[in-house]
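The block underneath contains the structure these notes are about, expressed in C-alpha cells.
The figures that follow rest on heavy atoms only: side chains count, while hydrogens, waters and symmetry mates do not. No experiment lies behind these values; they were computed from the predicted model shown.
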Amino acid sequence: MKEQAHINRTSRQSGLTLIELMIAMVIGLFLVGGVLQVFSSARQTYRVHDATSRMQEGGRMALEVLARDIRMADFWGCASNSIHMVNNLDTGGAGYVDFVTGGVVGTDGGGMSADSITLRGGFDAGITVEPPYGPQASANIKVNKASDLAQDDVVMVSDCTNGDIFQITNANPDGAGVLVHNTGSGDPGNYNATNPGCPGANAHCLSKVYGADAKVLLTREIIYNIGTGSEGEPALFRNGAEFLDGIENLQILYGEDTNGSGTPNYFVPADQVTDMESVISIRLAVVTRSADDFLTGGIAQNYNVLGTNVVAPDQRLRQVYTSTIAVRNRL
C-alpha cells in the first residue's frame, strides 16, 4: 500500500494542466506586451530627439553661413557701391556675372514656395597696385608678388572713385606680380567694347589708370536656393552644390531704408522691393524638416513662417529658425 501511495503522488506532480498552461501563457503575453510597449515608446522618443537634434544643427548652421555672407555682401573696396564699377567680363561667356546690377539680388518663390538670394561683392586680400602705373588704361597691372592669385581668377581693381572688374589671363600672376587682362581663352574672358577708357579701340582695356591708392580685390557671387539633395530630401544649395540637407524652405524679406535713416522702413518680398540698392537688412526664415515620417503622433504639425501659418502635409517634424541680418556694407 505504501508503494502504491508513493506512485499516485508522483503521478499527480508529473506535469501542468491545460488551465495552468493557458494562465502562464496569458501572463507571459502581458509581460511581453508591456516590454514591447516600453521598447516602442523608447524607440519613438529616441527618433524624435534624434530628428530634433539634426534639425537644430542644420537650422543653426544655415543661419550662421547665410548671415556671414549677407553681412559681407556689396563690398567694393572704398567705392560706395557697384554702380561705380565697370564690368569688363565677356557677356557671351558662360561664366559671366553681372556684378554691376548690385550686391543683393533676390527672387520670390511665391506663397510658401522657396525663395532664393544672390550675394555679390569683393573681399580684401591685401593686394595693392604697385608702380609703374599705366601708361595707358590697357596696360597690365603690377601688384605685390605672392598674392595667391591665379590665371582665370575674376578680380576687381578699385580706388575710392572707380573700379574695374576683369579676369586674369596670364599664367603665374602670383610669381610674376603682373595681372594681364587680355581677351583671354578662359571662361568668360574679357570683352567690353563700350569701356569708357578706350571704347572700340581695345575691347579688354580698363576704364582708367590706377595708382597707389588702388587695391585689387577678389570677387565672388554666392547663390542660395532650395533643391532636392542627393538622398532625395530637400536641401540648401550654395552655388549649385548641396550644402545642407534637411532644409525644406527658405523665405526672405528685404528691409528697405527709403529715407536714409539707417533703419528699414518695412520688410517685403523680393518682388515688392522698390530699389534693391536701398535694402539694408534681410530677414530670413529657414524651415528644417526631419528625414523620418510619422513622428508627430498622427497629428499634422502647425508652424508659422514670417507671419504665415502653415499646416504640414505629413507627420514629419519641422522647425523654423528666423534671423534679421544687416547688410553692413550699406550702413
Legend entry - From CA spacing to verdict: side-chain contact (heavy atoms from CB on, under 4.5 Å), I165, V155: CA-CA 6 Å; I165 296 170; V155 298; over 6 Å; no
Legend entry - Side-chain (N87) to main-chain (V97) donor-acceptor, under 3.5 angstrom: yes
Legend entry - With sequence neighbours excluded, residues passing side chain to side chain contact (heavy atoms under 4.5 Å, CB included) with N249: M112, A114, Q251, V287
Inset, instruction - Mind checking ring-ring contact (aromatic ring centres under 6.0 Å, His included) for F166 and listing every partner two or more places apart, or none if nothing turns up? - result: H181
Legend entry - Lys/Arg N to Asp/Glu carboxylate O, D69 vs R238, below 4.0 Å: yes
Inset, instruction - Calculate, to the nearest 0.5 Å, the distance between atoms CD1 and CD1 belonging to I141 and I168 respectively. - result: 9.0 Å
Inset, instruction - Flag yes if L63 and Y224 sit in one hydrophobic cluster, no otherwise; membership is Ile, Leu, Val, Met, Phe, Trp, Tyr, and two members link when side-chain heavy atoms are under 4.5 Å apart. - result: yes
Legend entry - Derivation of the side-chain contact (heavy atoms from CB on, under 4.5 Å) call for I70 and L284: CA-CA 11 Å; I70 288 171; L284 301 174; 3.9 Å; yes
Inset, instruction - Measure from the side-chain N and O atoms of Y210 to the backbone N and O of D164, and report whether any donor-acceptor pair falls under 3.5 Å. - result: yes
Inset, instruction - Report the distance from atom CG of L149 to atom CD1 of I127, rounding to the nearest 0.5 Å. - result: 4.0 Å
Inset, instruction - Go through the structure and list residues passing salt bridge (charged side-chain N to carboxylate O under 4.0 Å, His left out) with D152, not counting sequence neighbours. - result: none
Inset, instruction - Kindly say whether T274 contributes a backbone atom to a donor-acceptor pair with the side chain of E256 at under 3.5 angstrom? - result: yes
Inset, instruction - Please report the shortest heavy-atom distance between S207 and N195, naming the atom on each side. - result: CA-OD1, 3.1 Å
Inset, instruction - Would you please say whether a donor-acceptor pair under 3.5 Å links the side chains of N304 and N309? - result: yes
Inset, instruction - Mind checking the CG-CG spacing from L253 to L306? Nearest 0.5 Å is all I need. - result: 5.0 Å
Legend entry - Residues R316, E248: salt bridge by 4.0 Å N-O rule: no
Legend entry - SB check E221 R120 (cutoff 4.0 Å): yes
Inset, instruction - Could I get the full list of salt bridge (charged side-chain N to carboxylate O under 4.0 Å, His left out) partners for D271, not counting sequence neighbours? - result: none
Legend entry - Atom pair CG/OH of L66 and Y321 - distance to nearest 0.5 Å: 14.5 Å
Inset, instruction - Return the set of residues passing salt bridge (charged side-chain N to carboxylate O under 4.0 Å, His left out) with R283 (not counting sequence neighbours), or none when no residue passes. - result: none
Legend entry - Salt bridge present between D314 and R318 (N-O < 4.0 angstrom): yes
Legend entry - Those residues that, when tested against D159, pass salt bridge (charged side-chain N to carboxylate O under 4.0 Å, His left out) (two or more places apart): K208
